[in-house]
Amino acid sequence: MTAAVDGFDRWIRHEFVDFNTELEEAYFSARSEVLFGRPELEKIKRAIMLDGAELIARITEDGGIPADEKERYRLLGAVGFYLGACRRHEAGGPENPDAERLSAAWSLANILGSSLGVAPRFVFAHQSLHNPSVRDSYRTFTSLEDERVFITYNGLAVLAYQRAAGALRRIPTMGVSNPMATYLFEDARAALDDVLRFNRTLSENLDVDRFFFNIRPYFKPYQVGGIEYRGANAGDFAAVNEIDLLLGLCKARDPFYQNLLAEKYAYVPPEDQVLLRTIVVAESLLDRFLSEAETGPVTPRFRLNAELFLAICRAHGAAYAYHHHKLVKPFLEAPAKAAPKERLSDMTASGPPLEMVIRGLGYLSDLRAARDRPGVVSARASLGRLRELLSAADA
């Protein structure tokens, strides 16, 4: 790490956090997403923009772009924190005479993003799994406890999803009725139970108003140069999609799901892009279970593993349904109803109107829960067929 990169990192961890926290406390007291026209707050916004711009300019002037890919990815996240905060406080707009100060950050973000093959903005990976902790403290926008709760428990859920995906990923090469696959099925089930547990803890400990007023706005889309990139999303990892497709609950040939994968590709870490490319051509475990059950006897090991597989499908659907109904709806949809109309157009991280985003997430929830409804053809029938074959073997 060069001196310039190190100096920027120290600023992000200290002064930057203090600036944002002071602004957030003022916004929260006013129950407003952002405030304008107050000199003491405008001074802080300008300090964020100008101080950060100066430190980033030193990095580019020193030619301090790291050769190591992981260091470049972490630096992209730090630059993204800065740009995300400028967007959150609505500093640097076209009418702002200091807006050109963002050009150095845009340039560095584009260079880093291009070298890595990712979107040139911060994503949730930069807040969680690619966020080095120094003396028990990782990078945050603020010192608010609710932000740490949000990042920590979403990050733990990501780790649990990755644990489940890693276990399921190893099963195809050994076969679904392999006795060693039993251990992997059990591990995947336990990991998905952890996802639900972490989501429950998040729901119980995160304050709705703090999230809506002080955390959500940092996840908005923002521009890098003249191009707008959608906001950060805690689901921007390959693991949950690996689980969808390996279980057979979602299909890579489904246009809805194809669009979902294509849209998120640039927002996942580089190592996850490899996993997304691989999983779209993999045969699902559901298809493997059906093929084996329809062509041969149902052995005790096959039955045990099939029952574990069905339990995993239920656990995956339950974890995501809880997330949709206990986190998305109460923490985003419900408070948005009281927001000023002029704020509804940029309410979500993904860009489209809130009702469209909620509708898409509801569709995805039904797929993952294997729940049929008008316009949704899920894996319900195929899972039912597997249950029938297991029952027929008992007759």
Side-chain angles (χ1 to χ4, degrees), residues 124-125 128-130 153-201 234-252 257 260-261 264 268-293 299-323 364-365 367-370 379 382-383 386-387 390:
F124 190 70
S128 54
L129 308 192
H130 292 264
Y153 285 100
N154 270 303
L156 287 170
V158 170
L159 289 173
Y161 271 130
Q162 290 181 336
R163 176 183 162 201
L168 295 174
R169 192 188 306 136
R170 300 177 67 182
I171 293 172
T173 57
M174 63 179 64
V176 294
S177 59
N178 192 306
M180 288 178 286
T182 306
Y183 173 78
L184 296 173
F185 281 123
E186 291 172 340
D187 194 25
R189 168 64 191 276
L192 290 171
D193 286 344
D194 281 346
V195 173
L196 180 57
R197 178 167 61 88
F198 294 137
N199 284 342
R200 282 179 173 151
T201 303
D236 282 336
F237 294 88
V240 68
N241 305 106
E242 288 188 278
I243 296 167
D244 289 342
L245 296 171
L246 280 168
L247 294 180
L249 296 172
C250 300
K251 303 291 185 183
Y257 205 78
L260 184 152
L261 293 177
K264 78 183 293 184
V268 302
E271 63 270 20
D272 281 36
Q273 292 181 345
V274 177
L275 297 173
L276 286 180
R277 289 197 299 268
T278 302
I279 194 59
V280 294
V281 295
E283 182 183 10
S284 75
L285 297 173
L286 176 55
D287 287 343
R288 289 170 181 259
F289 272 114
L290 287 172
S291 176
E292 194 163 329
T299 65
R301 179 62 62 174
F302 178 90
R303 174 181 296 283
L304 173 61
N305 287 359
E307 293 291 354
L308 283 168
F309 167 79
L310 291 170
I312 289 168
C313 290
R314 291 192 295 272
H316 186 47
Y320 191 74
Y322 185 93
H323 180 273
L364 187 58
S365 180
L367 289 178
R368 287 173 174 161
S382 296
L383 292 170
L386 178 58
R387 294 187 186 97
L390 294 176

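We're numbering straight along the sequence, starting at 1.
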Open item on the list: With a sphere of 6.0 Å drawn around CZ of Phe302, does it hold more than 12 non-hydrogen atoms of other residues, nucleotides or ligands?
Closed with: yes

Could you work out, with side chain to side chain donor-acceptor pair (under 3.5 Å) as the rule, every residue matching [X], not counting sequence neighbours?
{"X": "Arg189", "answer": "Asp193"}
{"X": "Ser128", "answer": "none"}
{"X": "Gln273", "answer": "none"}
{"X": "Asn154", "answer": "none"}

Are any non-hydrogen side-chain atoms of [X] and [Y] less than 4.5 angstrom apart?
{"X": "Leu383", "Y": "Leu249", "answer": "yes"}
{"X": "Tyr257", "Y": "Leu245", "answer": "yes"}
{"X": "His316", "Y": "Tyr161", "answer": "yes"}
{"X": "Leu192", "Y": "Ile243", "answer": "yes"}

Shortest non-hydrogen contact from [X] toward [Y]:
{"X": "Glu292", "Y": "Ser177", "value": "OE2-OG, 2.9 Å"}
{"X": "Gly248", "Y": "Ser284", "value": "CA-CB, 3.6 Å"}
{"X": "Ala188", "Y": "Ile312", "value": "CB-CD1, 3.9 Å"}

Under the side chain to side chain contact (heavy atoms under 4.5 Å, CB included) test, residues paired with [X] that sit two or more places apart:
{"X": "Ser382", "answer": "Leu286, Leu290"}
{"X": "Thr182", "answer": "Glu186, Arg301, Leu304, Asn305, Leu308"}
{"X": "Pro172", "answer": "Leu246, Leu285, Arg288"}

So, taking the atom named [atom1] in [X] and the one named [atom2] in [Y], what distance separates them when rounded to the nearest 0.5 Å?
{"X": "Glu271", "Y": "His130", "atom1": "CD", "atom2": "NE2", "value": "4.0 Å"}
{"X": "Ile279", "Y": "Leu261", "atom1": "CD1", "atom2": "CG", "value": "9.5 Å"}
{"X": "Glu307", "Y": "Arg387", "atom1": "CD", "atom2": "CZ", "value": "8.5 Å"}

**Distance-only donor-acceptor check, side chains Asn199 and Tyr320, under 3.5 Å** =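 Tyr320 and Asn199 do not have a side-chain donor-acceptor pair below 3.5 Å.
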
Residue pairs passing the side-chain hydrogen bond (donor to acceptor under 3.5 Å, both in side chains) test where at least one lies in residues 274-283, sequence neighbours excluded =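 Every side-chain hydrogen bond (donor to acceptor under 3.5 Å, both in side chains) pair that includes a residue of residues 274-283, provided the two are not neighbours, is Tyr265-Arg277.
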
Describe, in one word, how the ring planes of Phe237 and Phe124 are oriented to each other, choosing from parallel (under 30°), tilted (30 to 60°) and perpendicular (over 60°).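 Answer is perpendicular, since the angle exceeds 60°.
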
Set out, in order, the CA-CA distance, both residues' side-chain angles and the distance that settles side chain to side chain contact (heavy atoms under 4.5 Å, CB included) for Leu156 and Arg197, then state yes or no. CA-CA 10 Å; Leu156 287 170; Arg197 178 167 61 88; over 6 Å; no

So salt bridge (Lys or Arg N to Asp or Glu O under 4.0 Å) across residues 310-320, not counting sequence neighbours, yields none

Quick one: does Asp272's side chain have a donor or acceptor within less than 3.5 Å of a partner on Ala238's backbone? yes

Throw together a table of side-chain donor-acceptor distances under 3.5 angstrom for residues 163-170, partners on residues two or more places apart or in other chains.
from: Arg163; atom 1: NE; to: Asp187; atom 2: OD1; distance (Å): 2.8
from: Arg163; atom 1: NH1; to: Asp194; atom 2: OD2; distance (Å): 3.2
from: Arg163; atom 1: NH2; to: Asp187; atom 2: OD1; distance (Å): 2.7
from: Arg169; atom 1: NE; to: Glu242; atom 2: OE2; distance (Å): 2.8
from: Arg169; atom 1: NH2; to: Glu242; atom 2: OE1; distance (Å): 2.9
from: Arg169; atom 1: NH2; to: Glu242; atom 2: OE2; distance (Å): 3.3

- [ ] Go through the steps for Leu386 and Phe309 under the test side chain to side chain contact (heavy atoms under 4.5 Å, CB included), then give the verdict.
- [x] CA-CA 10 Å; Leu386 178 58; Phe309 167 79; 4.0 Å; yes

By salt bridge (charged side-chain N to carboxylate O under 4.0 Å, His left out), Arg303 pairs with (sequence neighbours left out) Asp394

Could you please spell out the steps behind the side chain to side chain contact (heavy atoms under 4.5 Å, CB included) verdict for Val195 and Val240?
-> CA-CA 11 Å; Val195 173; Val240 68; over 6 Å; no

- Which ring pair (Phe, Tyr, Trp, His ring centres under 6.0 Å) pairs, counting each pair once, include a residue from residues 170-194, with sequence neighbours left out?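 Only Phe185-Phe289 qualify under ring pair (Phe, Tyr, Trp, His ring centres under 6.0 Å).
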
Given the options Leu276, Val280, Leu275, Asn241 meets side chain to side chain contact (heavy atoms under 4.5 Å, CB included) only with Leu276

